[in-house]
Amino acid sequence: MSKISERSKNHIIQIKPWEDKDLDLLFRINAPEMMNHLGGPESKEQVLNRHKRYLELGSKGCMFSITLLPELEAVGSVGYWQTIWNDKSVYEIGWSVLPSFQGKGIATIAVKLAIDKASSENKYKYIHAFPSIDNPASNSICRKLDFNFVSKCEFEYPPGNLMQCNNWRLNLIASK
Ligand SMILES: CC(C)(COP(=O)(O)OP(=O)(O)OC[C@H]1O[C@@H](n2cnc3c(N)ncnc32)[C@H](O)[C@@H]1OP(=O)(O)O)[C@@H](O)C(=O)NCCC(=O)NCCS
């Protein structure tokens, strides 16, 4: 079983598979300042659908809440899901940490814990992250966790909005 918690300077950071009670956390993540690089906040119905998708990912991946111990305070989300890239199945990973907890290294540790979990499954060779080119914190996380920069790419997300992203890729077999 891969590790699901790790000590930072001041806290223990734990990732836990997404639960029904995490809906409130998802609404807090859906704040305008959090969704700047992700196409803006979603409607209530979109958040409810996202929550349902997180709960029902099954064999297609896993979403986690990020919790600080011993306070048991929910501070963000991280997770990976199967997608197709260049005709091959790969994992894609995404992350969020609430504003008052940012800049403390929490996302970096939580993303590392999720990568360890994806790697332990032995399912896909690669995991990709596609942060916006204007998201320095997320691009820095990729760099620090030894992702390789592949190329810039463009996505239409949400429909009607073109996002310029960096394609970062990590070899899950080599990262063990
Ligand atoms: C991206 C995000 C998860 C980072 O969370 P965090 O817990 O603050 O990240 P960390 O503290 O682990 O910091 C990661 C790195 O980014 C750097 N960083 C943080 N904010 C930064 C900023 N505004 N500009 C430049 N670098 C920044 C940190 O310095 C750190 O690098 P370092 O260790 O080399 O100094 C958080 O800002 C967030 O949730 N943003 C909104 C949602 C989002 O954009 N999600 C990502 C979609 S790909």
Side-chain angles (χ1 to χ4, degrees), residues 3-16 18 22-43 46-47 50-51 53-54 57 61-69 71-83 85 90-118 126-158 161-170 175:
K3 259 202 315 184
I4 51 145
S5 66
E6 187 161 320
R7 184 173 285 280
S8 71
K9 249 186 252 161
N10 302 312
H11 301 279
I12 295 173
I13 294 154
Q14 182 184 55
I15 61 168
K16 264 197 311 177
W18 201 256
D22 294 322
L23 178 60
D24 171 60
L25 172 64
L26 198 54
F27 275 111
R28 284 190 288 145
I29 289 172
N30 191 46
E33 67 271 32
M34 291 289 290
M35 302 299 281
N36 256 344
H37 300 295
L38 300 165
E42 295 184 318
S43 67
Q46 285 172 315
V47 174
R50 178 177 292 280
H51 179 59
R53 281 202 306 279
Y54 285 3
L57 262 175
C62 195
M63 283 306 297
F64 304 89
S65 59
I66 307 172
T67 306
L68 296 188
L69 302 180
E71 305 89 333
L72 272 181
E73 179 142 27
V75 299
S77 67
V78 62
Y80 52 86
W81 53 91
Q82 183 268 339
T83 188
W85 187 255
V90 297
Y91 271 141
E92 179 175 346
I93 185 165
W95 48 75
S96 296
V97 167
L98 294 172
S100 49
F101 297 94
Q102 290 174 8
K104 302 173 193 290
I106 293 174
T108 306
I109 290 179
V111 173
K112 176 74 176 85
L113 290 168
I115 289 170
D116 288 350
K117 179 78 173 56
Y126 291 115
I127 192 161
H128 289 246
F130 298 98
S132 156
I133 59 169
D134 302 321
N135 189 339
S138 282
N139 285 292
S140 164
I141 290 170
C142 294
R143 223 169 280 119
K144 285 204 300 182
L145 294 181
D146 297 327
F147 279 75
N148 290 308
F149 175 72
V150 181
S151 60
K152 281 193 183 165
C153 52
E154 206 173 61
F155 291 105
E156 190 180 348
Y157 185 81
N161 176 50
L162 277 186
M163 263 184 84
Q164 308 292 329
C165 298
N166 287 325
N167 174 11
W168 291 92
R169 185 178 81 172
L170 180 75
S175 79

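In each ligand, atom 1 is the first atom listed, and ligand 1 is the first ligand listed. Keep in mind it's a predicted model, so treat the numbers as computed, not measured.
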Any donor-acceptor pair under 3.5 Å from N30 side chain to L26 backbone: no
Ion pair E42/R50, N-O distance below 4.0 Å: yes
Set of residues satisfying side chain to side chain donor-acceptor pair (under 3.5 Å) with respect to W18, sequence neighbours excluded: H51
Residues lining ligand 1 [heavy-atom distance under 4.0 Å, listed by chain and residue number]: M34, L38, W95, S96, V97, Q102, G103, K104, G105, I106, A107, T108, P131, N135, P136, A137, S138, S140, I141, K144
List the atom pairs, with distances to 0.1 Å, where a side-chain N or O of residues 128-143 and a protein N or O form a donor-acceptor pair under 3.5 Å, not counting sequence neighbours.
residue: H128; atom: ND1; partner: N167; partner atom: OD1; Å: 2.9
residue: S132; atom: OG; partner: D134; partner atom: N; Å: 3.0
residue: N135; atom: OD1; partner: S138; partner atom: N; Å: 3.2
residue: N135; atom: ND2; partner: S138; partner atom: OG; Å: 3.3
residue: S138; atom: OG; partner: W95; partner atom: NE1; Å: 2.9
residue: N139; atom: OD1; partner: N166; partner atom: ND2; Å: 3.0
residue: N139; atom: OD1; partner: W168; partner atom: NE1; Å: 2.9
residue: N139; atom: ND2; partner: S132; partner atom: O; Å: 3.0
residue: N139; atom: ND2; partner: N135; partner atom: O; Å: 2.9

Counterpart residues, side chain to side chain donor-acceptor pair (under 3.5 Å), relative to H11 (two or more places apart): none
Backbone of Q82 reached by a side-chain donor or acceptor of E92 within 3.5 Å: no
